[in-house]
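Scroll down for the structure; my scribbles are underneath it.
Lettering follows sequence order; numbering is per chain, from 1. Please read these numbers as outputs of a predicted model, since none were measured by experiment.
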Amino acid sequence: MAKRIIDGTSKENIYCLLCNLADLDNKSIIFSAINERKASLENEKEQVDNELMDVSNKLEIAKEQKEALVKGPYEFEGFVKSFDGNKILRDYLGVLGYGGFLDECQKAHNEELKSKDNNKKVDKDVAEYSGKLDRLEEHSLSLDQEIDKASTTYDNIKNATEDVKYLIDASINGNGSFNKDYVIGLLTPFKELAEKFDIVFPNNFVEEASKAIFFPEDGFSSVVKECMGGKYKEILFTTDMSDKIEVPNVEPEEVIKEVSISGVDEESNDINLDDIFGVDTDEDEVKNVTDSEENLDIEEGPKESEEDEEDDDNVGEVIVPNEVDEEEVSNVEEVEDELEEAAAIESREVTTINDEEEPDEELEKTEEEKIESVVDFEEEPEIEEVPEEVEEMAEKIIDGLDNMPVAEEEPEEDEEKSTLNIDMSKASTELKKLVADVDEKLVNSNIENLKALNVSEESLYYVNGNYSYLTDVNLVNKLNYLRGKGISEKSLVDAINLHFIDCSLESIKEGVNSLENSDLGFDKQFLPVFRYGIDSFFKAMEILRNNGIEPDASEIKDYLVIITKCVDNIEADISILKDYGISLLRKNGKYELGLFVKGPMELLQSIDDIIENGEEDLLSTTPEVLTMNVDTIVERLNYVKTNNIDYKEGEVYVDYIFKPGLFDKEFDNPSSDVIVSSDECNSALNKSLSNDLCSIFIDALDRCYKEDHCYKMVDLGTEEKGVYETLKNSLEKEFEAKIINKNTYQMKDTYISRNKFERNLSCLVSLLLKNGEDLISESKEILTVAALYNSRRAEGMITIPQHTEE
Amino acid sequence: MEVSSKELVFLDNMGFDEDHIKEINKIFSKEAIDLLVLEKDMVRININYLRNLGVSNYQDAFLRFYNMFLMEPSSFEDIFSKYDKEDLIAKLEKNVAIMEHL
């Protein structure tokens, strides 16, 4: 393919190129080239695979022929011998005059099949097809690898593109300080990559583009603004041409091919959500929306206007000259340019602007700040009316570019602190101690890197135990490692500011490796997990999978932090859900993993509260209710029930049961009775029973729940089991408790959680039998406490179950 | 607007009024609020993103899908940025439930 050389003689063209690399115009030539390459590889792969199939079939046939040649004669011999072995048949054939028939047949057959020519031809075919097949398989494999490589390159360049976009944004808005090395490090790979696609960037690209980032007011701002405003300017290719080539049509929608789907408006690549949710979307419809998700299309593709299309046509003619080494020239130009820039900036700082062009007022205001943020001044430059110093400063700028980010701190009064590029008076005692124990060079280097990233000031002073970013010997390695894994600068800034990576480099590497070796892969979404430990995440996933819960990628993403942070709740919570027969699946088919935010005791209480309100069905239809504040739901249910208000439409609960705002609006801020705490309820129960035995039983259950965190039935021995069963049966027989739902007893108007009752009873039997108590004679008290303990009913609301014999 | 709940003070100046805070306290479990407080910086970034995007009912989105606000900010942005902004805003305003299907 002929090379395309981008014109570097005009700064504006380089600025356009920089915007293009940030994909501000949605026409990134790099994306286009990679996509073109990928498409070509995929096309080639398809052809190779077809050929492979064809050759494979031919080889199969050739092998069959070969097999027939080897086996055929002997099989025929066997056939003939079977006649030899059958005397009667042979004699019969002889009588008929066919005695020599078989011999003749065999002879003719052998001659034909064993003919050398046949053998040779088939051998040749097999060899030829085998060789061809091997070559094709090898080629197919290498194409697979190349396609994978192209995909990886695409992902990497996408991240780098984001970084350039971020850089440009920060540069234009004056809210960033960048290290020259960082900027060069970011831009150089584009140049190198482009060359692999036969696109030759100007030799001065990296230098000019870096300067544009540092001095956006020199025309770059306006190019960016135009670009972002939709006025795309074509990148010019050099006119010193010796060949004409066609610039491929940029089809950025291919960039997102894997997520672009049907229902796309061809003229606009915007997502048409109507296609997904319909015009009259309502919540019920959303339940089935997952099936339609594949129909989402993505906006990332360009919205190519007619004007753009015309422009595209104009780009078609480009020429390829012999490559010229312009390095020397560009270096000279660079120095000259920087001198000019420095002079221009200084003159603006000191006096008025004499440039022909009126500078942007806003830019002018921030000029000084920007320069300070990017240039490392060793001392306050006194340049007023001293032209030599302007030149001196220009030299500093050139030198200073090697050490860029340095918004230099005011010298500290305390000499000891002055060597650190940070105001240590803001540091905590812990940070001061940590900093005192390490080399200042390390601290300053980390400060420089953190400032170059533009992290928050708080992060600079952040301390967690013995960890601080300033004293982290592996900070740079961590950042570079994550960059190497495709993490963008923006995500790195968040990772620092949100303290995702205040752990060791080793643990990050282990985490990344584990994820890469799993079916999940590693990407930025997993960064918060490092804070809680990647092991916690994998443990959570293992528990879920062991229990038949297989969340998809989207569910993992939505609940990543919850399942990792709350990993210790998951096993017990699932066990409770199983005991009650509650499914984690919501109506829309998604898992309600948010439920694991509650510990087992809290979950148990939520479930029992709903059951004892007579609403067990709510648990099977709407498990998400368990992630919520169940107390307030019960309060709202109590209100509507007390006031005989319908709160269900069929099996569906009215929205206001779950939405307190709606409830308050519907009933004009009603005052409903607040549900009492378990302790209050148990104290009220004690009072209502006014029985010493009951008091002992309540204490026993308190210990069981509060100290032993008992959320399951106690394992009982044989004797204990017998007593337990007797008592349990007596609840139904003697107290007329009816099972009205899977987990609900009803005694007159009181609902009791069956699981809770059985759990309480098993605790009491286990504890009391050990003390030699006669439980059968105390059955009423035991059953009453087991049934009403933790029932959240206030004093006066507790109905003591009555023995039917009384 | 100053928020009234002590724990939810991190939502101060984020466009949540007293009613929203009351609603959060009544809807979210204590454990969920504790987690949100622990991850308040991340939550703030994500709320701000949705707010700056122009989604007027971002408070409802938060009330409904607080778990999604506990997401790495750049990944959170990716959920929304791939759609046409105006269309997305209109759809979210019409029915915030679509958020978990984006």
Closest contact, heavy atoms only, [X] versus [Y]:
X: B:L70; Y: A:V561; answer: O-CG2, 3.1 Å
X: B:L35; Y: A:Y532; answer: CD1-OH, 4.4 Å
X: A:G594; Y: B:Y66; answer: O-OH, 4.2 Å

Review point. Does A:E602 reach the side chain of B:S29, with side-chain heavy atoms less than 4.5 Å apart?
Key: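 No, their side chains stay 4.5 Å or more apart.
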Point to revise | Heavy-atom side-chain proximity of A:K565 to B:E39 below 4.5 angstrom | key: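 They are not in side-chain contact.
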**Study point:** Largest heavy-atom contact set with chain A, pairs under 4.5 Å, which of B:M71, B:E86, B:K30
**Key:**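 When all of B:M71, B:E86, B:K30 are compared, B:M71 has the most.
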Check your understanding: Looking at B:L38, B:D19, B:I33, B:I79, which has the largest count of heavy-atom pairs under 4.5 Å with chain A?
Key ->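 Greatest number of close heavy-atom pairs with chain A: B:L38.
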Check your understanding: Going by atom types alone, do B:E100 and A:N588 pair a side-chain donor with an acceptor below 3.5 Å?
Key ->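 Looking only at side-chain atoms, A:N588 and B:E100 do form a donor-acceptor pair, the distance falling under 3.5 Å.
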From [X] atom [atom1] to [Y] atom [atom2], the distance as rounded to the nearest 0.5 Å:
X: B:F76; Y: A:D558; atom1: CZ; atom2: CG; value: 10.0 Å
X: A:L560; Y: B:M68; atom1: CG; atom2: CE; value: 12.5 Å
X: A:N629; Y: B:I24; atom1: CG; atom2: CD1; value: 12.5 Å
X: B:R64; Y: A:F658; atom1: CZ; atom2: CZ; value: 10.5 Å

Review point. Side chain, backbone, both or neither: which part of A:K598 has a non-hydrogen atom closer than 4.5 Å to chain B?
Key: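 For A:K598, heavy atoms of backbone and side chain both lie under 4.5 Å from chain B.
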Check your understanding: Can you pull out the residues in residues 42-59 of chain B with any heavy atom less than 4.5 Å from chain A?
Key ->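 Within residues 42-59 of chain B, the residues under 4.5 Å from chain A are B:M42, B:I45.
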Check your understanding: Got a sec, which residues hit salt bridge (charged side-chain N to carboxylate O under 4.0 Å, His left out) with A:K485, two or more places apart in sequence or on another chain?
Key ->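 In terms of salt bridge (charged side-chain N to carboxylate O under 4.0 Å, His left out), with neighbours along the sequence ignored, A:K485 is linked to A:E516.
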Check your understanding: Between B:E23 and A:G661, is there a donor-acceptor pair closer than 3.5 Å when you use the side chain of the first and the backbone of the second?
Key ->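 Confirmed, B:E23 side chain pairs with A:G661 backbone.
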Check your understanding: With a 4.5 angstrom heavy-atom cut-off, which part of B:D34 approaches chain A: side chain, backbone, both or neither?
Key ->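 Interface part for B:D34: neither.
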Exercise for review: Test salt bridge (charged side-chain N to carboxylate O under 4.0 Å, His left out) on A:D664 and B:K26 and set out the steps.
Suggested key: CA-CA 12 Å; A:D664 289 344; B:K26 284 183 176 178; 3.5 Å; yes
Point to revise | Those residues that, when tested against A:F667, pass ring-ring contact (aromatic ring centres under 6.0 Å, His included) (two or more places apart) | key: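 Residues passing ring-ring contact (aromatic ring centres under 6.0 Å, His included) with A:F667: A:Y639, A:Y656, A:F663.
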Review point. Mind checking what makes side-chain contact (heavy atoms from CB on, under 4.5 Å) contact with A:S491, not counting sequence neighbours?
Key: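 A:I487, A:S488, A:K524, A:L527, B:E72, B:S74.
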